[in-house]
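Take a look at the structure set out below.
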Amino acid sequence: MSSVQEAWRRYVSIGALDERLLRPSVYRAWERSHLGGASPRQMRAEQVGAAELELLLADEHHLIEAGRPYMRSLSRAAGTYQHAAMLGDARAIVLDVVGDEQSVNGPESVPGPGSLLDEAACGSNGIGTPLAEGGFTELEGPEHFIGGFHAFTCLGVPLHGPDGEVTGALSVSVRSPAASRRLRDVMVCAAHGIEAELMRLRLERHITELLEANPGDEGGPFERLRQDVVQLSAAARVRLQSAVSLLERRPQDALRLLSQAQTAANAFRQRARFFRELASSEFGPPQPVSLTERVHEMMTLLATEASTRRVEVLTPPQLPPCTVHADPRRLGRALLQLFLDAFDVAEGGGALDVWVEARGGLGEVRLLARPAPGAVGELQERRLAFPLARGLQ
Amino acid sequence: MSFASECRILVADDDMELRGALVDCLLAEGFQVLEAADGEQALKVALEQQPQVVLLDHRMPGILGAEVARQLKQHRLQTRIVLITAAREGAELAAQAGVDAFLRKPFELDSCLNILRESC
């Protein structure tokens, strides 16, 4: 008998929780389950009513929409093992389940949409425990507080919304510890994918609102930049789905693709955050902002715009650090306008030289736009300056 | 031999990240893959190599994807053209360009592979 089985037997027979027999995270989960009133013999079947569930699913449709493709990937990665990928909200209520027929609709199916899986009701589990722990959780067989779950290995991870708030949890339950090992990387990558997707969906809504408020801007820079940002989320999704299809045949290639998918999803999130700031109409108070970093971010964001407009963007090997006192959103907007104006001059084969420098109490971006050879137009210099942040002058 | 190994696909996208992702995936699936990084290159490679399918990004430097598609259609090749775009008016663009299929970014890899299976 393993130490975990022994711990469970002792708890069931005399109610003692033995810290020495359990991994620390599992011990904490059992303690919370015990204090919450969970029974190790059976789960407390707590289910939201049909009307409430309908409202809940409507409220959470963005999360469900974002999660579906990734849950399908997770399910596919589980292969022929009996399994279920589950999506829960921030309170550990199940929103969606994808898996084999037996696990989803069979006599011993996993809890379906509307089931409450917090630790007080269900003990340690793949949805409630990662939410309570605030991180990735793996529960193997008897590490589940409730005996009925001992046949499963469950992996779970909390999901974060675009502002970093916990918005739900993704989990997969599988009847094979060996299968769970190969699911771990897919699971973490899928969670990053869902978080990126949530950001994309919000970005799409935000830009739609922006365009509705400014009719006639449909083909404008914001719409074009949105398309460029979405490109990265598309790459992340293709790599993840491709990795899943290769897991069985070429596991090493699959792991490489998973890692690239994660990098793409993270790059997307970073770029989407910056883009959202640019598109926002809410301005804030001035604060210290790295002008150099903003210029770098802007050049990354505008890379496709520059290449489609055939503008070569040139910078010194290293731009000097320069921190200014400004509202980051106003600064971002002004910087975007500065670059787009310069692109107008250099479009069609010209070039743009970019400098950042601190001079006379000001941090300054300087763009020198050179028209394409033979094009009508003159060399133009454009500048944007902000006061240097205090203490850095 | 799988159907894929007989099938040549041109992936035309200026974005290295997405192009790389698609190329890696299609190679892993056993397809023969050609690449192009802009509209002119896509046109040139498609005319020279006459792949079975072109996966064509719309927003590319030089000639836009929809225009590449229009020009390829004029050559009456046996090549199927799939326009890929994140543009809101993607379906209209695809219809106007007369392409055979259209994928909106971000798309499901399965949707893309299904189109390729039907085309090869």
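Naming convention: chains lettered A, B, ... in sequence-line order (proteins, then strands); numbering from 1 in each chain. When reading the values below, keep in mind they use all heavy atoms of this one structure, side chains included, and skip hydrogens, waters and symmetry mates.
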Point to revise | A/R68 portion near chain B, given a 4.5 angstrom heavy-atom threshold | key: neither

Review point. With respect to chain A, which residue among B/A87, B/C25, B/G20, B/C112 yields the maximal number of heavy-atom pairs within a distance under 4.5 Å?
Key: B/A87

Review point. Does B/C7 reach the side chain of B/L116, with side-chain heavy atoms less than 4.5 Å apart?
Key: no

Practice item. Determine, for A/R202 against A/D163, whether the closest basic-nitrogen to carboxylate-oxygen distance falls under 4.0 angstrom. Key: yes

Review point. Under 4.0 Å between a Lys/Arg side-chain N and an Asp/Glu carboxylate O for B/E17 and A/R239?
Key: yes

Revision key, fill the gap. Chain A shares the most heavy-atom pairs under 4.5 Å, among B/G62, B/P106, B/G39, with B/P106

Check your understanding: Relative to chain B, which segment of A/L240 carries a heavy atom at a distance below 4.5 Å: side chain, backbone, both, or neither?
Key -> neither

**Study point:** Engaged part of A/T208 at the chain B interface, taking heavy atoms whose separation is under 4.5 Å
**Key:** both

**Study point:** Check ion pair A/R271-A/D228 (N to O, under 4.0 angstrom)
**Key:** no

Review point. More than 12 foreign heavy atoms under 6.0 Å from CD of A/E293: is that the case here?
Key: no

Review point. Side chain, backbone, both or neither: which part of A/R309 has a heavy atom under 4.5 Å from chain B?
Key: neither

Review point. Got a sec: does the CD of B/E108 have more than 12 other heavy atoms crowding it under 6.0 Å?
Key: yes

Exercise for review: With a 4.5 angstrom heavy-atom cut-off, could you sort out which part of B/D14 is near chain A: side chain, backbone, both or neither?
Suggested key: side chain

Exercise for review: Sort out for me which of B/M60, B/R59, B/K105 touches chain A most, counting heavy-atom pairs under 4.5 Å.
Suggested key: B/R59

Review point. Do NZ/NE/NH1/NH2 and the carboxylate oxygens of B/E40 and B/K44 come within less than 4.0 Å?
Key: no

**Study point:** Interface moiety of A/E197 toward chain B, non-hydrogen atoms closer than 4.5 Å
**Key:** side chain

